[in-house]
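What follows is a short report on a single structure.
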Amino acid sequence: MTEDYHIEADVVETICKNVTENVPVTVEFPNKGLLHIDKLLPYICVYRYKKRDVYFSRLLKTQASYLIVDEDIDISHLLEAIRLITSERFDTFLILELWPNNDSLKHQFQIYGPKTKSLETLNALREGFSEIRKTLSYVDSKIIHTEFRHPKHLTPLLGVEQSKKQGTLIIGVSIPTVYENTATNQLFSLFFRKFYTIFSETIKRAVHEFIRVQTTDAFENYLMLGKTHIDAITLSADSKLAEISEGMSFLLRVTPVNSNEEWDKFEQNNFEKPPSFKYRLLAVDPELEKRKLFNIPIDLIEDPTIAFILRGKRLEIEKQLIMLEERGTENFRFIGESLYGVIREDILQVAKHILQVYPEGETIRSSKRYNGVEFAEFAQREMDYYTQLFPEVDLGIEIRDDVAGIMVSKSKLLINEEMNLDVNRCDALIQHEIGTHILTYCNGKSQPLKQMHEGFEGYDQLQEGLAVIAEYLVGGLTINRLRLLAGRVIAVQSMVDNASFIETFNLLRSSYAFPARVAYYISMRVYRGGGLTKDAVYLAGLIDLMAYLKNGGKLEPLYTGKFNVTHIKLIEELLYREVLKQPVLPRFLKRDDVKIRLQKLREGINIVELVN
């Protein structure tokens, strides 16, 4: 019986010791009670219950400090011990008691607090919960000034006079359970995701206001109040997603194995007979992989931010698995459009503008050129620098005969043995491949989430934008590179408009002056698998990155791992919360000429001015 249960003194002592040493605390109590304190913070959320509401409990679990406990258990000594520990660093302590209101006729967040103190905290709660109105217009929030800040059938956690003496503020919040049908106990799942995200952010913002006004400790941002440590369920889900994604090898499975041979035939046939591409046999069963995919319990992840990231990655993997099943059919293209999107009108116009300003490619003539071995020796100097910074990552350079030109595979730089490269392009390519792709892999590999190096949903877009910007910053972006990005957009649009392979090839050749071989390989990438719109995202990534920098966005967080522009705010949040480590930055950013070019980007320049 919980009436006879007492929290032992040695348990409280252990809790306090761990909190003091910044060790995460998780303690179970009878009747499914739970205390969790992620780190030393001047607040705690409390939910007392007779019968635990599972979904309401999940709301509290979005916080870094919470106590979910049977209402018959005396927790006064525990709360006082936690308050005393936190008072060594903070001047005051906040207890947020929250409880569910299951009355189907009441749709109001009721916030119970003092009349003259901590109005900033109360207002932050009211304004935050009011965000629910954007989805449910009949829900509102109200501040009630009162000394009674607890459920009616319970005694207060702390008397008002006592709380004043102890420097503790208690705020009570009655939460309407509009996320479920109270008559049938049916959860509105999609709305609940939005509800608990708003709840999570509102509590942190309100606590941040309390800390800002009432304590001497300055938290730079409210996001720093979020959880720092990742639990086992989250790590397991992240690991399983990464395993499925890596085992699928999507791009490898949709890229022809006979593109070089088909080029020879295509040329011999005077470009009149379309190529017949062959693909690797699938080494996975998409049906079985999808089963594994949806057995991953992302719904049990308590952190809304990480759950959102992993849910997005799961959707991407699901669509890629379907695309593998539909490889070689029209359905492949249509599913791909839902994954990579169709071309935005502004991207198409920029592509045409680039090709209008630079109607022909440039012929680069240099007194010195590098073959594959010579370029590898040049690149090794840069690789050695990062090897010292990431000794745990197996960095390396391989000269091979089965790759086209230069490419990166995880931590390896792969170079074609027959490559012939203008010396003046070497630095730009090294910063594109090593200073961007390999560096972000290494930074991602150093993070607790595997998605940081495997790549978030749609990560290619920002990765390529960042890599092309690196070429510009070191003074090595060429007309041909910019034209290639624009040509891919033109080719994707042509394919989406139902043009044939040969029609798109001829369009690139005759209207935009691409050499036959270049036009062929652009078309091959776009028509592979049945039609892949993915190649249009590279120019989109560059354009979005330029806009981001012009609007004051920070470049440094973008090297934390592999993610898209849409994830930047999430990455910044995880950095603030210290879930993620600060990234190692590319050393080329220290160059004086790079700093000048970066400033030009921040001031805003036309994309055609990127050519050095």
Can a donor-acceptor pair be found between the side chains of Y459 and Q461 at a distance below 3.5 Å?
-> no
Between the side chains of T177 and N102, is a donor N or O closer than 3.5 angstrom to an acceptor N or O?
-> yes
Measure from the side-chain N and O atoms of T234 to the backbone N and O of I230, and report whether any donor-acceptor pair falls under 3.5 Å.
-> no
Validation row: L98, V46 side chains within 4.5 angstrom (heavy atoms) = no
Stacked cation flag R327 on F332, 6.0 angstrom / 45 deg = no
Is the NE2 atom of H77 crowded by more than 12 outside heavy atoms at less than 6.0 Å?
-> no
Compute the ring centroids of Y47 and F56, then answer whether they are less than 6.0 Å apart.
-> yes
Q162 atom CD, neighbour heavy-atom count above 12 within 6.0 Å = yes
Under a 4.5 Å cut-off applied to non-hydrogen side-chain atoms, are F29 and I68 in contact?
-> no
Is there a donor in the side chain of N331 and an acceptor in the side chain of T329, or the other way round, less than 3.5 Å apart?
-> no
Can you tell me if Y43 and Q63 form a side-chain donor-acceptor pair at under 3.5 Å?
-> yes
Sole residue of K562, K410, K313 in salt bridge (charged side-chain N to carboxylate O under 4.0 Å, His left out) with E454 = K410
Could you walk me through whether V173 and Q110 pass the side-chain contact (heavy atoms from CB on, under 4.5 Å) check?
-> CA-CA 6 Å; V173 186; Q110 295 180 333; over 6 Å; no
Backbone N/O of I198 and side chain of T202: donor-acceptor pair under 3.5 Å = yes
Pair E457 + K319: basic N to acidic O under 4.0 Å = no
Non-hydrogen side-chain atoms of N564 and F456 separated by less than 4.5 Å | no
Just wondering, more than 12 heavy atoms not from F250 lying within 6.0 Å of its CZ?
-> yes
Exam field: side chain Y340 to backbone A536, donor-acceptor pair closer than 3.5 Å | no
Between S200 and K204, a side-chain donor and acceptor under 3.5 Å = yes
Passes salt bridge (charged side-chain N to carboxylate O under 4.0 Å, His left out), R48 versus E97? Steps please.
-> CA-CA 8 Å; R48 294 184 284 172; E97 179 159 23; 2.7 Å; yes
Do the side-chain N and O atoms of T305 and E573 include a donor-acceptor pair separated by under 3.5 angstrom?
-> yes
With I298, the side-chain contact (heavy atoms from CB on, under 4.5 Å) member among L310, D238, I233, I306 | L310
Between R126 and K142, is there a donor-acceptor pair closer than 3.5 Å when you use the side chain of the first and the backbone of the second?
-> no
Would you check if there is a donor-acceptor pair between the side chains of Q447 and T560 at a distance under 3.5 Å?
-> no
Would you please say whether a donor-acceptor pair under 3.5 Å links the side chains of N443 and T440?
-> no
Report yes if the side chains of L251 and Q320 come closer than 4.5 Å at any heavy-atom pair, otherwise no.
-> no
May I ask you to decide if K554's main-chain N or O and Y548's side chain share a donor-acceptor pair within less than 3.5 Å?
-> yes
Give a yes or no on this: more than 12 heavy atoms of other residues, nucleotides or ligands lie within 6.0 Å of atom OH of Y55.
-> no
Please examine the side chains of F195 and T135, heavy atoms only from C-beta on, and report whether any two atoms are closer than 4.5 Å.
-> no
Tell me, yes or no, whether the heavy-atom count around E21 atom CD, taken from other residues, nucleotides or ligands under 6.0 Å, exceeds 12.
-> yes
With side chains defined as the heavy atoms from C-beta onward, is the minimum distance between S118 and Q214 less than 4.5 Å?
-> yes
Are more than 12 heavy atoms from other residues, nucleotides or ligands located less than 6.0 Å from atom CZ of F148?
-> no
Check ion pair E201-R205 (N to O, under 4.0 angstrom) | yes
The single option from I170, I143, L122, I144 passing side-chain contact (heavy atoms from CB on, under 4.5 Å) against Y112 | I144
Report yes if the side chains of F192 and R58 come closer than 4.5 Å at any heavy-atom pair, otherwise no.
-> yes
Looking just at side-chain N and O atoms, do K39 and T228 make a donor-acceptor pair shorter than 3.5 Å?
-> yes
Ionic contact status for K569 with E572, cut-off 4.0 Å = no
What's the spacing between R344 CZ and L348 CG if we round to 0.5 Å?
-> 11.5 Å
